[in-house]
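Just so you know, these numbers use all the heavy atoms, side chains as well, and skip hydrogens, waters and symmetry mates. Naming: A, B, ... by sequence-line order, numbering from 1 per chain.
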2 protein chains.
Amino acid sequence: MRADARRNRDLLVAAAIAVVAEEGPDASLNEIARRAGVGPGTLYRHFPTRDVLLAAVFQGRLSRLCEQSEELAESRPSGEALLAWLRLLTTHAMTDKGLGARMMRPTATAGVDCWAMLRAAADRLLLPAQRDGFIRADVDFTDLAELTTGIAQAASDPARADRLLTLTLDGLRTHHPTSAPGRDA
Amino acid sequence: MRADARRNRDLLVAAAIAVVAEEGPDASLNEIARRAGVGPGTLYRHFPTRDVLLAAVFQGRLSRLCEQSEELAESRPSGEALLAWLRLLTTHAMTDKGLGARMMRPTATAGVDCWAMLRAAADRLLLPAQRDGFIRADVDFTDLAELTTGIAQAASDPARADRLLTLTLDGLRTHHPTSAPGRDA
DNA sequence: ACCTGAACACCGTTCAAGT
DNA sequence: ACCTGAACACCGTTCAAGT
């Protein structure tokens, strides 16, 4: 890779990080190119698709999230660790006006395989929590990903997202029926 | 209202219904005007904002949803009725590529007060379900609206939406702790 | 009163021309 | 190899001119 090409690529990613933080994932690509000081053609050469550029923007935050999954797995009991990480994931899905939510899909596999990385990070916490009996055995990563991104998209602010996440997690816990209403009434 | 104005308004709504069904809530307004056979200026005269036009498109589906709430309240036991209606609401939020989800916000009050109508319809089922002890007393309409729209936006297909809704509702039920794990572990 | 449609500033995307 | 930037077809929105 030629030196000037490398330089332009870095300028574009930096500009994209800034612009996406301001305007969200639908930000103008021409604006990003302008801010990076290159022509629009140069942007398309490096990033043939908007999603490829967004993946580059997303990459830093994603790897941090994976690290945090490892830390939590070592430092906390399984149920607690999963809950804490899901909170991080939800916050994550809300950043940059929905960029996070947009990248947390199986299809958003551009350059880095975001979905596979997230699944690995989640399973590291989910499987122990299921083994220890805190979470239903039939829940999988797709459930967690869709529920957290959904909450992140629909909640009006972080406090409400936290409330919805708490409510939802009660549904994922293992069941302890006593009188079992809700069936006959 | 002059006769030709009335006629143009109706043409615009009809065109909007068709185009939004195809392209979703971000459909081109010029395209809608074109399809209605009027100039773009005429569209803006009748609907100063995109959301006002979308509310007109949404209105029919909304009133049907309110009727269904009344029917369910009369014909079924409270817990069952609420669940059935929430299924309808979720389906609803998925129609027209996210138009439903977009209108289910407090801000989307254009012409018709969609939010107030939905709240009335939901409370008709939620309050009895809470009185009968099937749903937590601290859950309110905002919780239900955000959870269903979130699920609708994040789920990849109707079957998955149904699964997520079921999981979530288990979290909204009244609690029956037996061994109460998830705290200490 | 209401409608028209040309006009403006923008957007995403492409591609000949340059170095 | 890579970059440039003019160019194209589109978009949302406005507003003078018409009836």
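Distance, B/L54 CG to D/dG12 P: 12 Å, rounded to whole Å. Across the protein-nucleic acid pair, A/D4 atom CG and D/dT4 atom C1' stand 12 Å apart, rounded to whole Å. Going from atom CG of B/L43 over to atom C1' of D/dC11 covers 13 Å, rounded to whole Å. Straight-line distance from the CZ atom of A/R45 to the P atom of C/dG18: 17 Å, rounded to whole Å.
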Atom pairs under 3.5 Å: protein N/O with N/O of nucleotides 13-17 of chain C:
{"unit_1": "C/dT13", "atom_1": "OP2", "unit_2": "A/Y44", "atom_2": "OH", "d": "2.7"}
{"unit_1": "C/dT13", "atom_1": "O5'", "unit_2": "A/Y44", "atom_2": "OH", "d": "3.2"}

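Considering only side-chain N and O atoms, A/R34 lies under 4.0 angstrom from the phosphate OP1 or OP2 of C/dC11. Dashed line: the shortest gap from a side-chain N or O of A/H46 to OP1 or OP2 of D/dC2 is not under 4.0 Å.
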So what does the secondary structure string of DNA chain D come out as, 5' to 3', with Watson-Crick or wobble pairs under 3.5 angstrom, [ ] for crossing and | for pairs with another strand?
-> ||.|||||...|||||.||

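Contacts with DNA chain C (heavy atom under 4.0 Å) in residues 6-21 of chain A: none are found.
When the ring pair (Phe, Tyr, Trp, His ring centres under 6.0 Å) test is applied to B/F141, the partners found at least two apart in sequence or on another chain are B/W115. In terms of the side chain to side chain donor-acceptor pair (under 3.5 Å) criterion, residue partners of B/D143 (sequence neighbours excluded) are, by chain and number, A/R160, A/R163. Residues that satisfy the side-chain contact (heavy atoms from CB on, under 4.5 Å) test with A/S75, not counting sequence neighbours, are absent from this structure. For A/D162, the side-chain contact (heavy atoms from CB on, under 4.5 Å) partners are A/R87, A/T166, not counting sequence neighbours. Judged as a side chain to side chain donor-acceptor pair (under 3.5 Å), and not counting sequence neighbours, A/D140 has no contacts. In this view, A/T90 satisfies the side chain to side chain donor-acceptor pair (under 3.5 Å) rule with no residue, not counting sequence neighbours.
Residues B/T42 and B/N8 have side chains that never bring a donor and an acceptor to within less than 3.5 angstrom of each other.
Listed by first and then second residue, the side-chain hydrogen bond (donor to acceptor under 3.5 Å, both in side chains) pairs that reach into residues 56-67 of chain A are A/R61-A/D96, sequence neighbours excluded. Within the structure, the ring-ring contact (aromatic ring centres under 6.0 Å, His included) test picks out the following pairs touching residues 44-91 of chain A (sequence neighbours left out): A/F58-A/H92. Within the structure, the side-chain hydrogen bond (donor to acceptor under 3.5 Å, both in side chains) test picks out the following pairs touching residues 11-23 of chain A (sequence neighbours left out): A/E22-A/R35.
Across all strands, B/A27 comes closer than 4.0 Å only to sugar-phosphate atoms, never to a base (heavy-atom distances).
A 4.5 Å side-chain heavy-atom check between B/D51 and B/L54 finds at least one atom pair inside the cut-off.
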